[in-house]
Amino acid sequence: MISSRHFALIPAAGIGVRMGTQQPKQYLRIAGKPMLLHALDTFAASPAIAHVFAVVDAEDGYVEEVLSAAPHLAGRVTVLWNGGATRHESVLNGLHAMRAQVGDDDWVLVHDAARPGLTAALIDKLAQSLRGDAVGGLLALPVVDTMKRSGMNDRVEATVPRARLWAAQTPQMFRYALLRRALEQAVNVTDEASAVEALGLQPKLVEGSPRNFKVTMPHDAALAELYLKGIL
Ligand code: C5P
């Protein structure tokens, strides 16, 4: 049997309203380069990754400039210009567009452009942990804080036991055909794993790292910078 290859798929459409910046957040410069380029560089440098795909908005006015300043990525990265209205749609559109290059049993690692702290070691850990797995899985972090669910007016309605609670990160890694089927059937999902769970399957949780957090709010950019400059 030919062994499965690994492909990266980076949804990089949308604007990231919560950052409050004019530029879409995936192009915000962190530690000297746009966030998207951190993720592209990390995947492109990994010998485990056969090829990298990035899904951008059809009207994207930034990605070409980013890539023209990164000639080392030529031949390693393909831009797909069919981003959707939601992350879910962008990933599914990307899967359709990469169809010709990818086999049904090949692995796809879906990774947020907004997580510039991913490392080669984390990619390897995920890929190794899921070698031969029937379902696939994701990086995630065990929750350490006590969790509260709010009712009205930010008043605590319940304390949710944190035992066995994990916060999902990316990459989320599933075989091409399974992931595509899961996302085609899913409604209102915010990650790939929940679409796969809706098929009755149980993705594996692989411990990620705090440095792989998602840049969402304005103050997150400063924290990401500390990790990427090696200060943290
Ligand atoms: O906005 P949020 O932090 O949830 O975005 C997570 C990832 O999904 C980012 O990499 C963003 O570029 C991507 N995304 C997308 N298409 C959208 C919305 C978000 O590819 N319509």
Side-chain angles (χ1 to χ4, degrees), residues 7-31 33-44 49 52-67 70 73 77-98 108-119 122-123 126 138-141 167-174 179-180 182-184 186-196 208 210-225 227-228:
F7 291 88
L9 174 59
I10 304 179
I15 49 173
V17 181
R18 288 169 291 184
M19 278 304 281
T21 48
Q22 260 199 321
Q23 202 179 25
K25 76 169 169 184
Q26 55 276 33
Y27 294 110
L28 207 72
R29 291 185 87 80
I30 296 200
K33 60 187 191 190
M35 258 203 284
L36 172 62
L37 188 54
H38 285 282
L40 295 177
D41 276 344
T42 304
F43 279 111
I49 301 295
V52 184
F53 296 90
V55 188
V56 303
D57 193 271
E59 312 281 307
D60 183 291
Y62 300 88
V63 75
E64 280 177 332
E65 193 182 324
V66 169
L67 288 180
L73 294 179
V77 173
T78 299
V79 176
L80 307 171
W81 296 85
N82 60 349
T86 61
R87 181 182 180 286
H88 175 185
E89 241 181 80
S90 294
V91 173
L92 190 51
N93 292 350
L95 289 173
H96 286 136
M98 65 202 267
V108 181
L109 285 79
V110 181
H111 182 67
D112 292 330
R115 293 182 188 272
L118 182 69
T119 60
L122 286 168
I123 296 174
L126 183 66
L138 63 150
L139 291 182
L141 272 188
Q169 298 189 332
T170 68
Q172 303 206 353
M173 173 173 151
F174 296 98
L179 181 58
R180 184 168 153 175
L183 290 174
E184 277 168 352
V187 219
N188 274 341
V189 289
T190 50
D191 72 348
E192 291 62 52
S194 40
V196 171
R211 63 169 287 135
N212 186 33
F213 78 101
K214 185 166 75 170
V215 174
T216 305
M217 308 300 274
H219 61 263
D220 292 336
L223 179 60
E225 186 118 9
Y227 276 120
L228 290 163

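Every number for a ligand or one of its atoms is a count from 1 in the order of the listing.
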Which is closest to atom 9 (C) of ligand 1 in terms of heavy atoms, P11, G83, A12?
-> P11
For E184, does the CD atom have more than 12 heavy-atom neighbours from other residues, nucleotides or ligands under 6.0 Å away?
-> yes
At a non-hydrogen distance cut-off of under 4.0 Å, which region of T86 contacts ligand 1 (side chain, backbone, both, or neither)?
-> backbone
With V215 as reference, evaluate R18, M19, Q26 under the side chain to side chain contact (heavy atoms under 4.5 Å, CB included) test and give the passing residue.
-> M19
Based purely on interatomic distance, does A13 place a nitrogen or oxygen under 3.5 Å from a nitrogen or oxygen of ligand 1?
-> yes
Taking heavy atoms and a distance under 4.0 Å, where does P24 meet ligand 1: side chain, backbone, both or neither?
-> neither
Test: D41 and K33 ion pair at under 4.0 Å = yes
Are more than 12 heavy atoms from other residues, nucleotides or ligands located less than 6.0 Å from atom CD of E64?
-> no
For the student: nearest non-hydrogen atoms of P116 and L228, plus distance | O-CD2, 3.5 Å
When only distance counts, is G84 in polar contact with ligand 1, meaning an N/O pair under 3.5 Å?
-> yes
With atoms numbered from 1 as shown, which atoms in ligand 1 lie under 4.0 angstrom from a non-hydrogen atom of A85?
-> 21 (N)
Is D112 salt-bridged to R87, cutoff N-O under 4.0 Å?
-> yes
Identify the heavy atoms of A97 and N82 that sit nearest to each other, and give their distance.
-> CB-ND2, 3.6 Å
Proximal atoms of ligand 1 relative to A113 (non-hydrogen, under 4.0 Å) = 10 (O)
Please identify which atoms of ligand 1 are closer than 4.0 Å to at least one heavy atom of A114.
-> 10 (O)
Within 4.0 Å of some non-hydrogen atom of K25, the atoms of ligand 1 are 1 (O), 2 (P), 3 (O)
Touching ligand 1 at all, D112? Heavy atoms, strictly under 4.0 Å?
-> yes
Check each atom of ligand 1 against the heavy atoms of K214 and keep those under 4.0 Å away; list them by number with element.
-> 2 (P), 3 (O), 4 (O)
Region of S90 engaging ligand 1 - heavy atom pairs below 4.0 Å | side chain
Anything under 30° is parallel, anything over 60° is perpendicular, the rest tilted; go ahead and classify Y62 against Y27.
-> parallel
